[in-house]
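The structure under discussion appears below in the form of structure tokens.
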Amino acid sequence: MSVPAAPGAEPGPNVLVTGATGYIGGRLVPELLDAGYRVRCLARTPEKLRDHPWTPRTEVVRGDVTDAASLAEAMRGIDVAYYLVHALATGARFEDTDREAAETFAEQARAAGVRRVVYLGGLTPADVPPGELSPHLRSRAEVGEIFLRAEVPATVLRAAVVIGSGSASFEMLRYLTERLPVMVTPSWVGTRIQPIAVRDVLRYLVGSAGMPPDVNRAFDIGGPDVVTYEQMMRRYATVASLPHRLIVRVPMLSPGLSSLWIGLVTPVPRALARPLAESLRHEVVCDEHDIARYVPDPPGTPISLDEALGLALRRVKEAQVVTRWSSASLPGAPSDPLPTDPDWAGGSLYTDRREITVDASPHELWRIIEGVGGENGWYSFPLAWAVRGWLDRAVGGVGLRRGRRDAARLRVGDSLDFWRVEEIDPGRLLRLRAEMRLPGLAWLEMRADQDAEGRTRYRQRALFHPHGLLGHAYWWSVSPFHAVVFGGMARNIAKAASREAARTAPVPAPQE
């Protein structure tokens, strides 16, 4: 197994990146490539990396940080290994999972002769005992300690709030500030924090790979501004040219209640909002800036909070968000691929099929298919889709408000409201896997085809694999609404494609 070098480049050090399907990992890989490193990515589902523009310059291997055998294979010949994964409250044992995964990673790095491990963790207050930290912060701190105690030298970067287009912290800040001109807020909005621009995080991560062998320590990383969360919201309002926001603090709002409030207002679901809110209970300010001794700050860095907010906001407005917080699947989300059909022997598989002739070219139909969701909606009974999203949020699901990473283009692994792109064949097929809370697994397929007579056909298929009696009951309870929801969706997508064809049709030249 060898890591391919970038075309035309001299072979450089070999690095392994875990978490490449996530927010930071997906941005780090191209930075490492541009810096001359040869990159191998470890992913549980390598298919999610297929459509990234940098994937052909890397080697992608299947594996998991909890699986020693796959780690041993992935670390063969590696000089620097990046650990960018976190269990993030995957259940009652998520701290155990984090601990066991870090220990396995450290041991396999030692066995493979890796020269350095680089880990991005959370900034924790020095004067707060571990028992008083949130489980999220406590676990991230423990993972850092595991790597620092291990035999392989480690660089542990500790960051507070990361500001960048698509980051969970930025999305939470943006939606809260934009949607609530008057806010009743928890007391933690008065806690001091030191945010950092994602560009600086990436710069420190890349620079950490070249640290001297005798460096084995943690570094606090942050931007030049120390602010309260309330000040950060006001700064965002100014950068975004919003009117003055009225903010009223209410002490009794706990992190649990805060996560409900965040879940109601922002696309960030409760499973992610709670650890974010809990992390803001304590002051998180850098105690040192020693990282600059090894990764010097160029002029104009670290980037100021206002500049970071402006850069992130511009990326959102220009639809140039490279990765989002939803790039990585949330805990509990189904990941099973579509069963092989029609000869699938895994049990019941309910299907709803729709097919309609479209007065448009397959290309024009595909543009509508690839643009579904987000601001464009789902082309049928908006209230029904909205109610389904509200119900999903109420039971801790992702809901319908995650939207899209890009307004016009999709790639495998993208989140799309409460779906995830499982397969895309440009111009022909879009297959989505449901990530809402369901008693079973669900998929939605949309195809742009042509029949034997050359007519454009829109083909749509919804599939559901029930889990137990509750799953069967669920399908039959919602099946009466399929004609309205799925039937209306097929008809309206066909109409939208026909309108697009009429709009772009050339105007006949006037007769002489």
Side-chain angles (χ1 to χ4, degrees), residues 19 22-24 65 83-103 105 117-149 154-164 167-173 186-196 198 201 204-205 217-223 226-229 232 253-259 262-263 268-288 291 325 328 330-331:
Y23 177 73
I24 292 292
V65 293
Y83 191 84
L84 302 174
V85 295
H86 182 48
L88 194 60
T90 51
R93 293 188 65 252
F94 88 93
E95 290 183 83
D96 294 336
T97 301
D98 269 344
R99 182 184 310 112
E100 292 163 7
E103 290 172 345
F105 193 85
V117 168
V118 181
Y119 169 60
L120 177 62
L123 186 59
T124 56
D127 58 345
V128 177
E132 295 181 17
L133 294 174
S134 69
H136 166 68
L137 272 184
R138 184 171 61 240
S139 180
R140 300 194 77 173
E142 183 184 18
V143 168
E145 289 299 320
I146 289 171
F147 288 133
L148 293 175
R149 291 195 306 265
T155 300
V156 174
L157 302 180
R158 309 193 316 160
V161 173
V162 176
I163 300 296
S167 75
S169 296
F170 177 72
E171 293 282 279
M172 190 172 90
L173 174 70
S187 58
W188 53 252
V189 299
T191 302
R192 293 200 319 154
I193 52 179
Q194 190 165 351
I196 182 171
V198 67
V201 173
Y204 291 137
L205 282 167
R217 58 162 291 184
F219 296 92
D220 294 351
I221 58 173
V226 176
V227 294
T228 65
Y229 200 89
M232 197 156 63
L253 280 178
S254 66
L257 291 175
S258 297
S259 65
I262 293 167
V268 181
R270 192 164 72 235
L272 184 56
R274 176 148 193 162
L276 289 176
E278 287 179 332
S279 298
L280 294 168
R281 287 186 303 168
H282 301 292
E283 183 176 286
V284 279
V285 176
C286 297
D287 289 329
E288 40 82 13
I291 186 73
W325 59 269
L330 284 177

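Just so it is clear, the values below take in all heavy atoms, side chains as well, and ignore hydrogens, waters and symmetry mates.
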Minimum heavy-atom distance [X]-[Y], with the two atoms named:
X      : Y      : value
Val284 : Pro125 : CG1-CD, 4.0 Å
Pro195 : Ile163 : CB-CG1, 4.0 Å
Glu288 : Ala218 : OE2-O, 4.0 Å
Val156 : Gly144 : CG2-O, 3.8 Å
Ala154 : Leu148 : O-CD2, 4.0 Å
Gly222 : Cys286 : N-SG, 3.6 Å

Within the structure provided, determine whether [X] and [Y] are in side-chain contact (heavy-atom separation under 4.5 Å).
X      : Y      : answer
Ile221 : Leu120 : yes
Ile24  : Leu205 : yes
Val198 : Phe170 : no

Distance in Å, [X] [atom1] paired with [Y] [atom2], rounded so as to fall on 0.5 Å steps:
X      : Y      : atom1 : atom2 : result
Leu123 : Asp287 : CG    : CG    : 7.5 Å
Arg140 : His86  : CZ    : NE2   : 5.5 Å
Ser167 : Ile196 : OG    : CD1   : 12.0 Å

For [X], check side-chain hydrogen bond (donor to acceptor under 3.5 Å, both in side chains) against everything at least two apart and list the hits.
X      : value
Arg192 : Glu283
Arg99  : Asp96, Glu142
Tyr119 : none

With sequence neighbours left out, what residues match Ala101 under side chain to side chain contact (heavy atoms under 4.5 Å, CB included)?
Val65, Thr66, Tyr83
Check ring-ring contact (aromatic ring centres under 6.0 Å, His included) between Tyr229 and all other residues, then give those that pass, not counting sequence neighbours.
Trp188
Check salt bridge (charged side-chain N to carboxylate O under 4.0 Å, His left out) between Arg158 and all other residues, then give those that pass, not counting sequence neighbours.
Asp220
Those residues that, when tested against Glu100, pass salt bridge (charged side-chain N to carboxylate O under 4.0 Å, His left out) (two or more places apart)
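Glu100 satisfies salt bridge (charged side-chain N to carboxylate O under 4.0 Å, His left out) with Arg93 only.
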